[in-house]
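Below you'll find the structure, written out as C-alpha cells, and then a few comments.
Along the sequence shown, residues are numbered consecutively beginning with 1.
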Amino acid sequence: MSAAPEHAPKMADVSLRDRIAPHMPVLLVPLIAIAGFLAIQNPSSWLTLTVSGLAMGMMIFIMASGLTLVFGLMDVINFGHGAFVSVGAFVGISVLLLLGHMTEAPSLLLNLAALLVAVLGAMIATGIMGWAFEKVIVEPVYGHHLKQILVTMGGLIVVEQLIVVLWSPEEIYILRPEALKGAITFAGAAIEKYRLVAVGVGLAVFLAMRWVLRRTKIGLIVRAGVENGEMVQALGYRLRLVFVGVFIAGSALAGLGGVMWGLYQEVVTAHMGNQAMILIFIVVIIGGLGSVEGCFIGALLVGLLQNYIAFIEPKAALISNIALMVTILMWRPMGMIPVVKAK
C-alpha cells in the first residue's frame, strides 16, 4: 500500500494592491481631504472648507439615501424625488415660522426643539405624499423605465405648481434659529454652527439606516429583496408592502433633507428640489444602486470636492462633480459599492 502523497498547502501571496482595493472607496474621502490640504496650504481655510464640505455632503446623503433604496429595491427611476425635497422644505419652514417665539429665543434647547418639530412635520407630510405618489403615479408603471421617467417627471411639475399655488412663486428667505446663527472659532478657522448640526444629523441618519438594514428583520427583508425579490416572495413575505414602506421612508428622508437644505441655503423655492436632483443622481450613481454606504461615501466626496475646487478655481467647480462621476465610473462602472446588478 503506497504512502499518501505529501500535502503542503501554501497560502497564495496577496499583493498590497489587492488588499487595499476593497477598501478604496472608503479611503477616497481622506485622500481627497489630504489633497485639498496640500492644494490650499492654509490650515484654517482648509478646516473651514472641510467642515462645510462634510455638512453639504451629509445633507445630499439625506436627500439621496431614500432614492438609492427605491432604485435598488423597486427598480424605479423616480425623477419626481425632488418634489419631496421641495415640499419638505416648505412644510418645515412654515412650521418654523409658526414657532417664531422658539426660534428667536437665545436658548439652544428651544431652537433644537423647534427644528425637531419642523423636521417631524416635514417628514410626516412627505411620507403621506410619498404613499399617494407611489399608489397613483408609480404603481401603474412598474417595470417600464421610460414610462417611469415620463410620469414621475410629470408628477414633479405638478407638485411644483401646487407649491406655487399654496405658498407663492417668489423665493422665501428665512433665518436660522437664533442659537444656530454665526460661527465658532477653532484652530483659527471659522466654523458655522449650523453646519456642525448638519454633520451630526447626517451622521445620525446614516448610522440609523445602517443599523436598520443590518440588524433588524425588516432590514434583512429589504436587503434580500434587493438581491432576489422572487425568492423573498416565495418565502411568504409580502414584498409589495415592503416596496411601499421603502418608498414612504425614502420620501420622508427627502423631506428631512429639504428642511436641512433650505436652512443651509437660507432660501426656499418651488424648484429647489429639481435643482438638487443633479447632485442626488450623481451621488446615487457613483455610490452604487441600493448601497447606503456607497451613497454616503459618494455624498461626502461630492461635498468635499466641490468646496475645495470652488475655493481654488471657482469656474472649475461647475464641472467638478461631473468629472468625479466620470472618473468613478471609468474605475468602477457599477459604482463604488454596488448592491445589485444593473437591471
Can you confirm whether more than 12 heavy atoms, excluding those of [X], are under 6.0 Å from its [atom1] atom?
{"X": "Lys135", "atom1": "NZ", "value": "no"}
{"X": "Tyr237", "atom1": "OH", "value": "no"}
{"X": "Ile278", "atom1": "CD1", "value": "no"}

_Between the side chains of Arg240 and Glu139, is the shortest nitrogen-to-carboxylate-oxygen separation below 4.0 Å, so that they form an ion pair?_
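A salt bridge is present here (some side-chain N lies under 4.0 Å from a carboxylate O).
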*Could Glu192 and Arg176 be called an ion pair, given the rule that one side-chain N must be under 4.0 Å from one carboxylate O?*
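Answer for the salt bridge query: yes.
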_Joint hydrophobic cluster, Leu329 plus Leu324, side-chain heavy atoms closer than 4.5 Å_ =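 Yes: a chain of side-chain contacts under 4.5 Å links Leu329 to Leu324.
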_Nearest 0.5 Å, please: how far is CD1 in Ile337 from CD1 in Ile286?_
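Reported value, rounded in 0.5 Å steps: 11.0 Å.
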*If you round to the nearest 0.5 Å, how far is CD of Gln265 from CE of Met260?*
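Here the rounded value is 12.5 Å.
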Heavy-atom closest pair, residues [X] and [Y]:
{"X": "Met277", "Y": "Gly82", "answer": "SD-N, 3.3 Å"}
{"X": "Ser86", "Y": "Met272", "answer": "OG-CG, 3.8 Å"}
{"X": "Ala118", "Y": "Val259", "answer": "O-CG2, 4.4 Å"}
{"X": "Tyr264", "Y": "Met59", "answer": "CD1-CE, 3.0 Å"}
{"X": "Leu110", "Y": "Ala105", "answer": "CD1-CB, 3.9 Å"}

Classify the side-chain pair [X]/[Y] by whether it contains a donor and acceptor separated by less than 3.5 Å.
{"X": "Gln306", "Y": "Asn321", "result": "yes"}
{"X": "Trp131", "Y": "Ser251", "result": "no"}
{"X": "Thr50", "Y": "Tyr308", "result": "yes"}
{"X": "Tyr142", "Y": "Glu134", "result": "yes"}

*Would you check if the side chain of Thr103 reaches a backbone N or O of Gly100 as a donor-acceptor pair within less than 3.5 Å?*
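Yes; at least one donor-acceptor contact below 3.5 Å.
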Could you tell me whether the side chain of [Y] reaches within less than 4.5 Å of the side chain of [X], counting heavy atoms only?
{"X": "Arg214", "Y": "Trp211", "answer": "no"}
{"X": "Leu300", "Y": "Met58", "answer": "yes"}
{"X": "Leu180", "Y": "Leu263", "answer": "no"}
{"X": "Trp167", "Y": "Val91", "answer": "yes"}

*Can you say whether the rings of Phe84 and His81 are parallel (under 30°), tilted (30 to 60°) or perpendicular (over 60°)?*
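If you compare the ring of Phe84 with that of His81, the planes turn out perpendicular.
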*Using the six-membered ring wherever Trp is involved, compare the ring planes of Phe61 and Phe206 and label them parallel, tilted or perpendicular (cut-offs 30° and 60°).*
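Phe61 vs Phe206 ring planes: perpendicular.
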